[in-house]
S.K.: 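Here it is, the structure in full.
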Protein chains: 2
Amino acid sequence: MRWEDGFIAVDWGTSNRRAYRIDADGTCAAEFEDSGGVLSIETRDFPTQANDIRKRLGDLPLLLAGMVGSTRGWVEAPYAPCPADLDDLAARLCWIESGRTAIVPGLSLNGTGHCDVMRGEEIQLFGAIASGLIPPTTLVCHPGTHNKWVTVDQGKIMGFRTVMTGEMFNLLRSQGILAEFLSRDVSLGDAFREGVRRGLQRPVLTADLFTVRARVLLGSLARDDASAYTSGLLVGLDISVGLELARGSNFIVMGRPELTRLYAAAAAEAGRTCQVVDGADAFLAGALALGSKLT
Amino acid sequence: MRWEDGFIAVDWGTSNRRAYRIDADGTCAAEFEDSGGVLSIETRDFPTQANDIRKRLGDLPLLLAGMVGSTRGWVEAPYAPCPADLDDLAARLCWIESGRTAIVPGLSLNGTGHCDVMRGEEIQLFGAIASGLIPPTTLVCHPGTHNKWVTVDQGKIMGFRTVMTGEMFNLLRSQGILAEFLSRDVSLGDAFREGVRRGLQRPVLTADLFTVRARVLLGSLARDDASAYTSGLLVGLDISVGLELARGSNFIVMGRPELTRLYAAAAAEAGRTCQVVDGADAFLAGALALGSKLT
């Protein structure tokens, strides 16, 4: 079995996973997505899961990326420290079965004043650069449960900053005093933009969040707008973190379309333009680029 | 039945309630506390609950304060707008049974640029002033699920600001990526103080919270210190909101001892001193002062 004859790449996250069969000519011939994220799988069951993926997509080498390499996943793949490029990922693959099954390492940043970790976004980043979707020197915003702002320089990831915007919105929606106001889907209207403008002023979040409740009760915010306003507030705060890293330039927003649209709208409100890249395209390009380095 | 012959006052919150029988001489002759907060009671069951309280403490007039007057409580008691004093509360009592059962209104602030609401803290504030526990012109910090910073001037509440510090800590503890690190009780050691210092710098909370996870994974924060550090971060942010209102003066911290100790320690880290007042003492004084205005 040789990687150049084709392999399977899996973007294996906390809640979901998406698997692609990449053929010898570099095209994606088959794929599936399901809710088999690492939190739904017992550690001892990962070998069976890998077999099942091969049964569905072919008896090929497996390249696994994302939270599957975390303490909650199959095997903990030690982080590669920043700065790091695609060759560093290839050199530090965590081999579960030699030549046949590998986990992509995450990246760590352990600098003066800031510690951070990522797992899964790095392969998308390098894929987008390798395939020319984004320039090799830029700032990338990667929305998700934990948004990552990533600075890349000549193809190397130099550093990054995580903002837990998606998780915070989900927490507030699931329980607590604001939950009853936040059930609506987020629409990109005036309320969202008002929230973004407020977030860009960097208010103290725990203070500003309560005003959502007070304003609804006192009639200065429509109940139906509370969800969009709160999302805007969180995304605006997030963009304010990114603007510290942007140094005046514009940036790339890469990820799932339902999230990138929020960040693109918020960037416009901040007077920036950004290029939007689909995260699935970038992952596939990254898997192809990494797989081509393996034999 | 006359109020000067004695009455029952209930501090009836979201999760708990505490009831006091106040005798004709102004002393508290009997009391009980239980988990019968408004969220545990169906709206139609409040009359039965009131009867039960009278069975336990005596067939006396009932003065009810707190979330019992909210949309989730017995009857919604309209807010009294700021500025407001104790006479405004007395004039705006929401009478459920004339002369016999009343709900204390909450306070609202609907000013330019800031909307806010409170229910339950106001009676403690006025009680502390009426009984001389605090001066009539000061800044009061009232920690709880939703901390209130309250500016009082010559016995009137002029304005206030809510910071949902307690709720945020509880949300983060209950689910999400940080929950596994936050199960320990908060101790007032170096980690708490480090968190406070960071919070006083007003970082973007959603960004700083993720560093707790990264620092534990990368070894720069002990797992056992994560809870105290995160609590300190949230309280430090909260104190930074209060310092905007303090204008250089010191402040009062009033509430439950397990919370006031955190804020007193954080105030010291910010170079402020504060006087600590027990919230239960203040509530009893407030109920007595309000009850003495009723016939």
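What you see is a predicted model; the values in this text were computed from it and never measured. Each chain gets a letter, A, B and so on, in the order its sequence line appears, and its residues count up from 1.
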S.K.: Applying side-chain contact (heavy atoms from CB on, under 4.5 Å) to B:Val163 and B:Leu237, what does each step give before you reach the verdict?
M.R.: CA-CA 9 Å; B:Val163 190; B:Leu237 268 171; over 6 Å; no

S.K.: Please rank B:Val204, B:Val241, B:Leu221 by heavy-atom pairs under 4.5 Å with chain A and give me the top one.
M.R.: B:Val204

S.K.: Answer yes or no: is there a side-chain heavy-atom contact under 4.5 Å between B:Val140 and B:Phe251?
M.R.: no

S.K.: Under 4.5 Å heavy-atom distance to chain A, tell me which part of B:Leu205 shows up: side chain, backbone, both or neither.
M.R.: side chain

S.K.: I need the residue from A:Pro203, A:Gly219, A:Gly199, A:Cys115 with the largest number of non-hydrogen atom pairs under 4.5 Å to chain B.
M.R.: A:Cys115

S.K.: Where is the tightest heavy-atom contact between A:Gly36 and A:Ile41, given as atom of each residue plus distance?
M.R.: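 Closest pair (atom of A:Gly36, atom of A:Ile41, distance): O-CD1, 3.4 Å.
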
S.K.: With a 4.5 Å heavy-atom cut-off, do B:Ile239 and B:Val196 have their side chains touching?
M.R.: no

S.K.: May I ask you to test the A:Ile252-A:Cys274 pair for a side-chain heavy-atom distance under 4.5 Å?
M.R.: no

S.K.: In terms of heavy-atom proximity below 4.5 Å to chain A, should B:Leu217 be classed as side chain, backbone, both, or neither?
M.R.: side chain

S.K.: Between chain A and chain B, which donor-acceptor atom pairs come closer than 3.5 Å, counting both backbone and side-chain atoms?
M.R.:
| from | atom 1 | to | atom 2 | distance (Å) |
| --- | --- | --- | --- | --- |
| B:Arg72 | NH2 | A:Glu180 | OE2 | 3.1 |
| B:Arg161 | NH2 | A:Asp208 | OD1 | 3.4 |
| B:Met164 | N | A:Thr206 | O | 2.9 |
| B:Glu167 | OE2 | A:Ile177 | N | 3.0 |
| B:Ser174 | OG | A:Gln175 | OE1 | 3.3 |
| B:Gln175 | OE1 | A:Ser174 | OG | 3.2 |
| B:Ile177 | N | A:Glu167 | OE2 | 3.0 |
| B:Glu180 | OE2 | A:Arg72 | NH2 | 3.1 |
| B:Thr206 | O | A:Met164 | N | 2.9 |
| B:Asp208 | OD1 | A:Arg161 | NH2 | 3.4 |

S.K.: For A:Ala179, what residues pass the side chain to side chain contact (heavy atoms under 4.5 Å, CB included) criterion, not counting sequence neighbours?
M.R.: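 Partners of A:Ala179 by the side chain to side chain contact (heavy atoms under 4.5 Å, CB included) criterion come out as none, since no residue qualifies.
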
S.K.: Could you walk me through whether A:Leu107 and A:Val117 pass the side-chain contact (heavy atoms from CB on, under 4.5 Å) test, one step at a time?
M.R.: CA-CA 6 Å; A:Leu107 297 188; A:Val117 290; over 6 Å; no

S.K.: Let me know if B:Met168 has heavy atoms under 4.5 Å from chain A in its side chain, its backbone, both or neither.
M.R.: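 The answer is the side chain of B:Met168.
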
S.K.: Would a 4.5 Å heavy-atom cut-off, applied to side chains only, mark A:Leu125 and A:Ile157 as touching?
M.R.: yes

